[in-house]
Amino acid sequence: MPQPILQARSISKQFDSGATPVLAVEHIDLDVAPGEFLCIAGPSGCGKSTLLQMLGGLTPPDSGQVLLNGAPLTEPSPEISVVFQKPNLMPWRTVTDNILLPLQIAGVPAAEARRRAEQTLALVGLSDFAGAYPQELSGGMEQRIAVARALIQQPRILLLDEPFAALDALTRERLNDELLHLWRRRKLTAVMVTHNIREAVFLADRVLVLSPRPGTISAEFPIDLPRPRPPGVQYSQKFGALAYQIRQAITE
Ligand SMILES: Nc1ncnc2c1ncn2[C@@H]1O[C@H](COP(=O)(O)OP(=O)(O)O)[C@@H](O)[C@H]1O
Ligand SMILES: [Mg+2]
């Protein structure tokens, strides 16, 4: 592997807020290559979201380190954007004003910010909805806006936490397809956590399987399906075999 863009070195995280401490993630080591699409699969509650938040510099590990381009990551970086399961759009802001938010916070001049908002909306196919409010959008459109809000910062790394889990199967399939296009076009590095095995196989170059809590990496599967993924690849024998192997590796 070339110099990894993102690394976890034996990171662990425990939550002490409840009656009994919860060890969410234990000694995870992983390397993400530049341009890779990595999926992390595992049962509900195994620590996937906690892991992703540590990889994004949003939550500090209790022990171990996250490295971005070889340097310790101790706070959110403009090189990394995160897309969550809930779109978290502000209902009183238009679509454009929602995706402009990160640029406004970063102090990007208004004209430049507007130009980038237009470009990014076109990228996710929602130029016609620039002036709409979130409540006028479908769930799939809202998630596209959430993706746009992440991309407008022009990150090199996109972290995704089950971004399409709440959507119906067809919309989800379509958004996964679009996500792969964006990943290729923007030469992004992507790390996505999901409990959906077929989604992981469809998207990833490599799938890591997490054990039940505390999450540790229990298996790794390279996905050597062709790129771009051909139409109908989900229904091929090879795809089915990979999904089945991964399913066998996941314990609940
Ligand atoms: N902020 C928090 N405070 C206390 N416990 C938490 C917090 N976040 C997650 N947990 C606990 O850590 C464990 C892993 O959670 P999470 O990372 O959300 O799992 P997953 O995303 O795989 O479903 C769960 O038992 C959850 O209840
Ligand atoms: Mg989660």
Side-chain angles (χ1 to χ4, degrees), residues 1-9 11 13 28 30-40 48-61 64-90 93-124 126 130 142-164 175 178-193 203 205:
M1 195 187 273
Q3 156 78 34
I5 187 167
L6 191 64
Q7 291 166 284
R9 293 264 175 83
I11 55 174
K13 182 76 190 179
I28 287 196
L30 60 83
D31 286 354
V32 186
E36 184 176 18
F37 203 127
L38 178 71
C39 279
I40 300 172
K48 298 184 296 298
S49 294
T50 306
L51 171 61
L52 206 72
Q53 281 175 14
M54 290 193 284
L55 291 175
L58 302 171
T59 301
Q65 257 190 334
V66 174
L67 303 176
L68 172 64
N69 299 313
L73 177 75
T74 52
E75 56 182 30
S77 158
E79 288 195 46
I80 305 177
S81 289
V82 188
V83 182
F84 299 97
Q85 183 172 342
K86 289 201 191 123
N88 298 321
L89 302 178
M90 297 184 172
R93 286 183 155 232
T94 63
V95 163
T96 296
D97 289 341
N98 265 285
I99 69 168
L100 276 174
L101 199 61
L103 298 187
Q104 288 168 342
I105 292 169
V108 175
E112 159 73 5
R114 292 238 148 233
R115 194 183 59 75
R116 267 160 66 178
E118 277 170 28
Q119 243 178 23
T120 313
L121 275 183
L123 200 64
V124 298
L126 286 178
E142 282 189 283
Q143 260 334 26
R144 278 202 192 98
I145 302 299
V147 171
R149 189 183 48 197
L151 290 178
I152 200 168
Q153 304 173 78
Q154 300 175 331
R156 294 183 64 207
I157 303 175
L158 199 56
L159 303 181
L160 304 121
D161 190 355
E162 312 213 36
F164 310 137
L175 289 187
E178 290 176 12
L179 178 62
L180 279 186
H181 278 113
L182 290 171
W183 166 74
R184 280 174 72 88
R185 236 173 110 173
R186 290 276 177 121
K187 297 184 168 48
L188 291 164
T189 301
V191 180
M192 175 155 153
V193 304
L203 294 170
D205 294 310

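By the 4.5 Å heavy-atom criterion applied to side chains, Gln143 and Pro87 are counted as neighbours. In this structure the side chain of Ile152 reaches within 4.5 angstrom of the side chain of Pro102, judged on heavy atoms. In this structure, Leu67 and Gln65 have side chains that are in contact, with non-hydrogen atoms separated by less than 4.5 Å.
Distance alone, capped at 3.5 Å, places no donor-acceptor pair between the Glu142 side chain and the Leu89 backbone.
Taken to the nearest 0.5 Å, the CG atom of Leu38 stands 10.5 Å off from the OG1 atom of Thr189. Note that CD1 of Ile40 and CD1 of Ile28 are 7.0 Å apart. Values are rounded to the nearest 0.5 Å. Note that CG of Asp31 and CD of Glu36 are 9.0 Å apart. Values are rounded to the nearest 0.5 Å. Rounding to the nearest 0.5 Å gives a distance of 6.5 Å between CG of Leu179 and CG of Leu158.
Listed by chain and residue number, Trp183 satisfy the ring pair (Phe, Tyr, Trp, His ring centres under 6.0 Å) test with Phe37 (two or more places apart in sequence, or in another chain). Partners of Gln104 under the side-chain hydrogen bond (donor to acceptor under 3.5 Å, both in side chains) rule, at least two apart in sequence or in another chain, are Arg93. With sequence neighbours left out, the side-chain hydrogen bond (donor to acceptor under 3.5 Å, both in side chains) criterion links Ser81 to Gln153. Residues meeting the side-chain hydrogen bond (donor to acceptor under 3.5 Å, both in side chains) test with Glu178, sequence neighbours left out: Arg144. Residues passing the side chain to side chain contact (heavy atoms under 4.5 Å, CB included) test with Ala130 are Thr96, Leu121, sequence neighbours excluded. Residues meeting the side-chain hydrogen bond (donor to acceptor under 3.5 Å, both in side chains) test with Arg149, sequence neighbours left out: none. Judged as a salt bridge (charged side-chain N to carboxylate O under 4.0 Å, His left out), and not counting sequence neighbours, the contacts of Asp97 are Arg114. Applying the side chain to side chain contact (heavy atoms under 4.5 Å, CB included) criterion to Ala113, with sequence neighbours excluded, gives Leu100, Leu103, Val108. Evaluation of the side chain to side chain contact (heavy atoms under 4.5 Å, CB included) rule for Gln119 yields Arg115, Arg116 as partners, not counting sequence neighbours.
Closest approach of Ala150 and Val82 over heavy atoms only: CB-O, 4.3 Å. Closest of all the heavy-atom pairs between Leu188 and Pro155 is CD2-O, 3.2 Å.
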Atom pairs and distances, donor-acceptor, side-chain atoms in residues 69-78, under 3.5 Å, two or more places apart:
unit_1	atom_1	unit_2	atom_2	d
Asn69	ND2	Glu79	OE1	3.4
Ser77	OG	Glu79	N	2.9

Donor-acceptor list for residues 50-60 side chains, cut-off 3.5 Å, not counting sequence neighbours:
unit_1	atom_1	unit_2	atom_2	d
Gln53	OE1	Thr59	OG1	3.2

Working note: Leu30 + Val191, criterion side-chain contact (heavy atoms from CB on, under 4.5 Å); need CA distance, chi angles, decisive distance, verdict. CA-CA 11 Å; Leu30 60 83; Val191 180; over 6 Å; no

Should Val32 and Ile157 be marked as a side-chain contact (heavy atoms from CB on, under 4.5 Å) after you check the CA-CA gap, both sets of side-chain angles, and the distance that decides it? CA-CA 10 Å; Val32 186; Ile157 303 175; over 6 Å; no

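Between Met192 and the options Leu160, Asp161, Leu159, a side chain to side chain contact (heavy atoms under 4.5 Å, CB included) holds for only Leu160.
Sorted by first and then second residue, the salt bridge (charged side-chain N to carboxylate O under 4.0 Å, His left out) pairs involving residues 180-193 (not counting sequence neighbours) form an empty list.
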